[in-house]
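The block underneath contains the structure these notes are about, expressed in structure tokens.
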Number of protein chains: 2
Amino acid sequence: MTIVRGGAVAFADLWESLLPLGRHPPPGGYRRFSWTEADTACRTWFKDEALKRGLRTGCDRNGNLWAWWDCPGSPPGAVATGSHLDSVPDGGAFDGPLGIVSAFAAIDLLRARGFIPARPIAVAAFTEEEGGRFGLACLGSRLLTGAITPAAARDLRDGSGVSLARAMTAAGLDPGGIGPDEELLAGLSAFVELHIEQGSALAGLDVRLGMAEAIWAHGRWRLDFAGRADHAGTTRLEDRRDPMLPFAAVVLAARQIAERHRMLATFGKVIASPGAINAISSSVSAWLDARAPQAAVLDSAVAEIRLVAERQASLHGGRCVIRRESFTPRVEFDPVLRDRLAGSLAASGIAAPMLPTGAGHDAGILAARLPTAMLFVRNPSGVSHAPAEHADAADCEAGVVALAAVLEELARR
Amino acid sequence: MTIVRGGAVAFADLWESLLPLGRHPPPGGYRRFSWTEADTACRTWFKDEALKRGLRTGCDRNGNLWAWWDCPGSPPGAVATGSHLDSVPDGGAFDGPLGIVSAFAAIDLLRARGFIPARPIAVAAFTEEEGGRFGLACLGSRLLTGAITPAAARDLRDGSGVSLARAMTAAGLDPGGIGPDEELLAGLSAFVELHIEQGSALAGLDVRLGMAEAIWAHGRWRLDFAGRADHAGTTRLEDRRDPMLPFAAVVLAARQIAERHRMLATFGKVIASPGAINAISSSVSAWLDARAPQAAVLDSAVAEIRLVAERQASLHGGRCVIRRESFTPRVEFDPVLRDRLAGSLAASGIAAPMLPTGAGHDAGILAARLPTAMLFVRNPSGVSHAPAEHADAADCEAGVVALAAVLEELARR
């Protein structure tokens, strides 16, 4: 696939140069976790690609990377694009990286066309968007905008107990400096994130691209079921306090509740302790990911799930403590920006219908502070957060063309 | 508590010298896994205590430790006692060690009384009784008696992928030499294992001690539910193949099936992959521990659980593969030996009613090759395989007195 016909840069080369980094052999996928070796390799790739293009690079106080296409006179109101390079455990290649590769390719395309921006264009790679290491999604954009306090962020711990502060220090960054960056935010006029679609709505509509209308309200809850460890071979059923039973009941109830509310609820992570085959668990910890079109629906569904969890835990002689680990209300993308982009795409003959999405994104976090928008690239199977995640080359190419059109619209004189 | 009043050795000292080894801080318990540092410490303790008593020590080809009270003329038909020193993850102090400490204490008691055995008395510490590291319970006695082939054993792997062969080599043993030891078995006339009760039947009967009548048929099955990894925030409920749902349904069904069959079924270990909060699992692996008075009941219950697992997996667009990892048929302890021991205990004024048990033991494995018996020491709460496992000092003392009576009966002229 060559975006710039006869030009110097092919999207495919750029894309393929990133593919090997952090890739585990099948059935594994990408494991690009913040401040690990794979992450460092991705960051180096980002800086190298920016330098190849003569872009000015920098790392903000929260570890987010920036590459600037400056313009004479340094006018304010930079147009930012980009996404993230980190992955969920065994994630796919597209979620995040497609937005960054497309950003560089769109810049190449604009330059090949001789476009001179009237305001700076920036490519951003946000840290820990997936929460794959420290459990909190969109950590980099949350810190940048003040959606999490620096102290709370420094204290986040990965699965091995390493704090964000320690991981950042090990990576050569000063965790003392993290937090809102008003100067950086004040310099931005808009953020447009291109992302692979994480569902198959576009496939159903037979179009290559879409635009985000809104992000569903979503959050994560940790459920700690406490029971009593006991011998699996000798403890009578009626004497047991087995926390695995209320956990199982809640998994099934959450599905039914989600169906009833027309929303999503998922248990993707569970830890049974001590985890011995011949011992009844002393505790089961499980994480609920729940998303709904409106926060009120989400609240009411989670309240129902909580009731089931507490009742089932009590029925089995134990208890359940539920803590909300994160919550993001519904985000409506800026309608003025959305209409402007839709107009420019239509003028270029590009169809991009509006879609709601259940996935959180840095664009959703940044929406609290500046106009943001999102472009989605068709995903034929809808699979995401898994190695089978895929977008066709022609659709990726259409995404680059659309992103270039949008950047041109926003950065022109 | 001093077993030998006015004698040289106190049970309490012996017991307390073992307590710190492999102990993790609360809420953790013992983590004495085969061929680890904690295991080495326990083995050193065993050899030291044997040497202090002038017992001849040895390690058989399968890593089981032996301490021999030899007697003049080396007559055949040694009487063996003992148990194991390894633990389940976060296990209690008594399961295993009580049988070994009591064996040494019983020898002290017999010697203090001036008893001269007419045949050797041996104390054994069997390797990996709990299967806490390599997943197969009673590994040491299974190897000794040929209940598992050396090749299959060498290939067993721990949670980090380390094979038994590699772990034994690292501990300085030759894994090439493992397997049945006919010479060792031929030298034994009986094995009596003292063990903490892993239920509260004795507490209900208000007696300190019991004797094993039989061990329930029991086994372990691994259930691998395959689904499809997907984004938790974007995949419609109807498009999901979430293996967590059939797993949860099976947990609840297994409990109902166990209630109906008056048996035990437990899921104490579960691994969801990739284990990301915001991803639907690609697979869920879970282990079923099931036990029943008769093998036929167990077979039929596991067949029902299998049906539920397969049907539920298919309902959710996935599949479930079930493999039996271990199986031990019902073991009836040798009735002749049992009656003889019961007679000697009664003669000493010791009440020890017969109890069935759902727990597997090395005595159950050895029962295939020589007469074996078990003594149980009362456990007031019935908690086992957990830090709260407990036996009162007076009951432990009664256990030592009973074990001494039994060894005297079996080893006398």
Side-chain angles (χ1 to χ4, degrees), chain A residues 27 29 88-91 130-132 135 137 198-200 216 218 220 228-237 239 242 244-245 247-249 251-252 255 258-259 264 266-270 272-282 287 289 291 357-360 382-388, chain B residues 27 88-91 95 130-132 135 137 198-200 216 218 220 228-237 239 242 244-245 247-249 251-252 255 258-259 264 266-270 272-282 287 289 291 357-360 382-388:
Chain A
V88 295
D90 292 317
E130 299 290 6
Q198 296 176 294
S200 53
W216 283 13
H218 59 280
R220 296 174 174 189
R228 189 180 60 201
D230 245 326
H231 193 301
T234 56
T235 314
R236 296 185 308 167
L237 296 180
D239 293 340
D242 184 352
M244 191 69 83
L245 296 163
F247 163 67
V251 167
L252 300 179
R255 167 70 174 227
E259 280 172 6
L264 302 173
T266 310
F267 283 96
K269 179 174 178 181
V270 56
S273 299
I277 302 173
N278 59 353
I280 297 162
S281 303
S282 56
W287 283 260
D289 177 302
R291 320 204 183 204
T357 172
V383 170
S384 186
H385 282 189
Chain B
V88 294
D90 292 317
D95 179 353
E130 299 288 7
Q198 295 175 296
S200 52
W216 283 15
H218 58 281
R220 294 174 176 192
R228 189 180 59 199
D230 245 325
H231 192 302
T234 56
T235 314
R236 296 185 308 168
L237 297 179
D239 293 340
D242 184 352
M244 190 69 83
L245 295 162
F247 162 67
V251 167
L252 299 179
R255 167 71 175 226
E259 279 172 6
L264 301 174
T266 310
F267 283 96
K269 180 174 176 180
V270 56
S273 298
I277 302 174
N278 57 354
I280 295 161
S281 303
S282 55
W287 282 260
D289 177 302
R291 320 203 182 205
T357 173
V383 170
S384 187
H385 281 190

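Just so you know, these numbers come straight off a predicted model, no measurement behind them. Each chain gets a letter, A, B and so on, in the order its sequence line appears, and its residues count up from 1.
- His231(B) has its side chain out of reach of Val88(A): every pair of non-hydrogen atoms, C-beta onward, lies at least 4.5 Å apart.
- Each of Asp90(A), Leu252(A), Asp239(A), Asp242(A) has some count of heavy-atom pairs under 4.5 Å with chain B, and the biggest count is that of Leu252(A).
- Every residue two or more places apart in sequence or in another chain was checked for a salt bridge (Lys or Arg N to Asp or Glu O under 4.0 Å) with Asp95(B), and none qualifies.
- Between Met244(B) and Val270(A) the shortest heavy-atom distance is CE-CG1, 3.8 Å.
- At a threshold of 4.5 Å between non-hydrogen side-chain atoms, the residues Asn278(A) and His218(B) do not count as touching.
- Pairing each heavy atom of Thr266(A) with each of Ala279(B), the nearest pair is CG2-O, 4.3 Å.
- Annotation for Gly268(B) and Ser281(A): closest pair O-OG, 3.7 Å, computed over non-hydrogen atoms.
- With chain B as partner, the option from Pro387(A), Gly358(A), Ser384(A) having the largest number of non-hydrogen pairs under 4.5 angstrom is Ser384(A).
- Residues forming a salt bridge (Lys or Arg N to Asp or Glu O under 4.0 Å) with Arg291(B) (at least two apart in sequence, or on another chain): Asp289(B).
- Chain A forms more heavy-atom pairs under 4.5 Å with one residue of Thr357(B), Leu245(B), Leu237(B) than with any other, namely Leu237(B).
- Of all the listed residues (Gly135(A), Ala229(A), Gly132(A), Ser200(A)), the one sharing the greatest number of non-hydrogen pairs under 4.5 Å with chain B is Ala229(A).
- The minimum heavy-atom distance between Pro89(B) and Ala276(A), with the atom names listed, is CD-CB, 3.5 Å.
- A donor-acceptor pair is defined here as one N or O able to donate and one able to accept, closer than 3.5 Å; no such pair exists between the side chain of His385(A) and the backbone of Ala232(B).
- Most heavy-atom pairs under 4.5 Å with chain A, from the set Ala388(B), Gly131(B), Ala249(B): that is Ala249(B).
- When atom types are taken as modelled, the side chain of Arg228(B) and the backbone of Val383(A) share no donor-acceptor pair closer than 3.5 angstrom.
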